[in-house]
Amino acid sequence: MTVGVQLLVPIKPLHLAKTRLRTARTLPEEHPELVTALAMDTVLAAATAERVREVLVVTSDAVLTRRFRELGVEVLPDSPRAGLNAALRHGDHLLGARGTKVRVGALQADLPALRGTDLDGAIAEADSERSYCADRQGSGTTLLLAAGGDALRPGFGAGSATAHRESGAKALLGSWASLRCDVDTETDLRAAEALGLGSRTGELLRRNDPKPNRTGIGCSGTV
């Protein structure tokens, strides 16, 4: 058995991502860059976790594909283009076809305050069991880990924490504030900011502050 978890990070095309996120600190045309910054900070932080063997992005977006490959991150094509769960099942299948027998997990792409130590703590608590980490509201899921050698069986979407629990996954109970702080709204972004944003998201917001006359951007959904 190869040591370490392979984490799949699914990301919607930029024109569809984070449509509920509204912030007066960015112009509408800057929204794709904000989504990209959130995702890059998430992926780069996850890669620092000692219990993570590799982080792979799953997306059909050409810009995201190019940007992550420039960072040396492997990108798997989202061939189904049928939502996050289909993308994750496809990524899980592609990894399984490689025959490396590595444990697979799914991580949401909107955790800009993520710390590798928090991710390590969650993976350690999961041990070898199918497990999930709920978001700070307790209804969503930020991390899903398959049992060793098993399929991922993702159930992301509204009420995903309940869906994963009812599918037999163990709830992870550690505090891990940075792992639970996903960003769907301006309030979420403020909470992540209080924890300490990753460099790309932080730089983007600092570059744009203050902007007293800017209008908010309309964006919705999860990455």
Side-chain angles (χ1 to χ4, degrees), residues 1-14 16-18 32 35-112 114-120 122-123 126 128 130-133 141-157 160 164 169 178-179 182-183 198 200-201 222-223:
M1 178 74 73
T2 306
V3 176
V5 175
Q6 283 187 308
L7 285 179
L8 296 169
V9 180
I11 314 176
K12 292 178 182 178
L14 288 172
L16 297 175
K18 309 310 302 176
V35 174
T36 301
L38 295 174
M40 284 187 166
D41 283 337
T42 300
V43 168
L44 293 175
T48 68
E50 294 181 358
R51 294 174 183 269
V52 172
R53 178 171 181 260
E54 186 177 16
V55 184
L56 305 97
V57 167
V58 185
T59 189
S60 62
D61 189 277
V63 172
L64 287 171
T65 296
R66 175 178 56 80
R67 296 285 296 275
F68 276 103
R69 285 178 174 165
E70 287 173 351
L71 292 176
V73 176
E74 182 175 359
V75 179
L76 303 177
D78 177 12
S79 299
R81 300 192 180 197
L84 298 186
N85 291 318
L88 286 168
R89 288 191 295 269
H90 177 64
D92 190 18
H93 173 75
L94 291 178
L95 292 181
R98 295 178 179 181
T100 53
K101 297 183 179 179
V102 176
R103 186 181 189 186
V104 176
L107 184 70
Q108 291 283 46
D110 55 354
L111 301 166
L114 182 64
R115 302 292 182 266
T117 50
D118 280 356
L119 184 53
D120 275 328
I123 295 171
S128 61
R130 173 176 164 78
S131 305
Y132 72 95
C133 181
T141 302
T142 60
L143 172 70
L144 176 67
L145 296 168
D150 288 349
L152 186 58
R153 294 188 289 132
F156 289 92
S160 64
H164 287 134
S178 75
L179 178 58
D182 57 347
V183 173
R200 286 164 174 77
T201 307
T222 56
V223 177

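In this structure, Leu64 CG and Thr59 OG1 are separated by 5.0 Å, a value rounded to the nearest 0.5 Å. Distance CG/Leu144 to CG/Leu88: 8.0 Å, rounded to 0.5 Å. Note that CD1 of Ile11 is 11.5 Å distant from CG of Leu8, once rounded to the nearest 0.5 Å. Rounded to the nearest 0.5 Å, atoms CG (Leu111) and CG (Leu143) are 9.0 Å apart. Distance check: Leu152 CG to Leu145 CG gives 8.5 Å after rounding to the nearest 0.5 Å. Asp182 contributes atom CG, which lies 5.0 Å from atom CG of Asp110 (distance to the nearest 0.5 angstrom).
Val58 approaches Ala87 most closely through the heavy-atom pair CG1-O, 3.7 Å. Taking every heavy atom of both residues into account, Leu179 and Cys133 meet most closely at CD2-SG, 3.8 Å. Here the closest heavy-atom approach between residue Leu114 and residue Ala45 is recorded as O-CB, 3.3 Å. A pairwise comparison of heavy atoms in Leu119 and Ala49 identifies CD2-CB, 4.0 Å as the closest pair. Shortest non-hydrogen contact noted between Pro10 and Leu84 is CB-CD2, 3.9 Å. Heavy-atom minimum distance, Arg103 versus Ala126: NH2-CB, 4.0 Å.
For Ser178 (side chain) and Arg115 (main-chain N/O), a donor-acceptor pair under 3.5 Å exists by modelled atom type. Formation of a donor-acceptor pair under 3.5 Å by the Lys12 side chain with backbone atoms of Lys18 is not found in this model. Distance alone, capped at 3.5 Å, places no donor-acceptor pair between the Arg51 side chain and the Val5 backbone.
Residues that satisfy the side-chain contact (heavy atoms from CB on, under 4.5 Å) test with Glu54, not counting sequence neighbours, are Gln6, Leu56, Glu74. Every side-chain contact (heavy atoms from CB on, under 4.5 Å) that Ser60 has, sequence neighbours left out, goes to Pro13, Asp78, Arg81. For Ser79, the side-chain contact (heavy atoms from CB on, under 4.5 Å) test picks out Pro77, His90, with sequence neighbours left out. For Asp92, the side chain to side chain donor-acceptor pair (under 3.5 Å) criterion is met by no residue, not counting sequence neighbours. Scanning for salt bridge (charged side-chain N to carboxylate O under 4.0 Å, His left out) contacts around Glu50 gives an empty result, with sequence neighbours left out. Residues satisfying the side chain to side chain donor-acceptor pair (under 3.5 Å) test with Ser131, not counting sequence neighbours, are none. Arg200 meets the side-chain contact (heavy atoms from CB on, under 4.5 Å) test with Ala37, Met40, Asp41, Leu44, Leu71; sequence neighbours excluded.
Here side-chain hydrogen bond (donor to acceptor under 3.5 Å, both in side chains) pairs that include residues 141-156, with residues two or more places apart or in two chains, are Thr141-Ser160, Thr141-His164. Pairs of residues two or more places apart, or lying in two chains, that qualify as salt bridge (charged side-chain N to carboxylate O under 4.0 Å, His left out) and include a residue from residues 55-73 are Glu33-Arg67, Arg66-Glu70.
Using a 4.5 Å heavy-atom cutoff, the side chains of Leu76 and Val57 are not in contact. The side-chain heavy atoms of Val183 and Pro112, taken from C-beta on, include a pair separated by under 4.5 Å.
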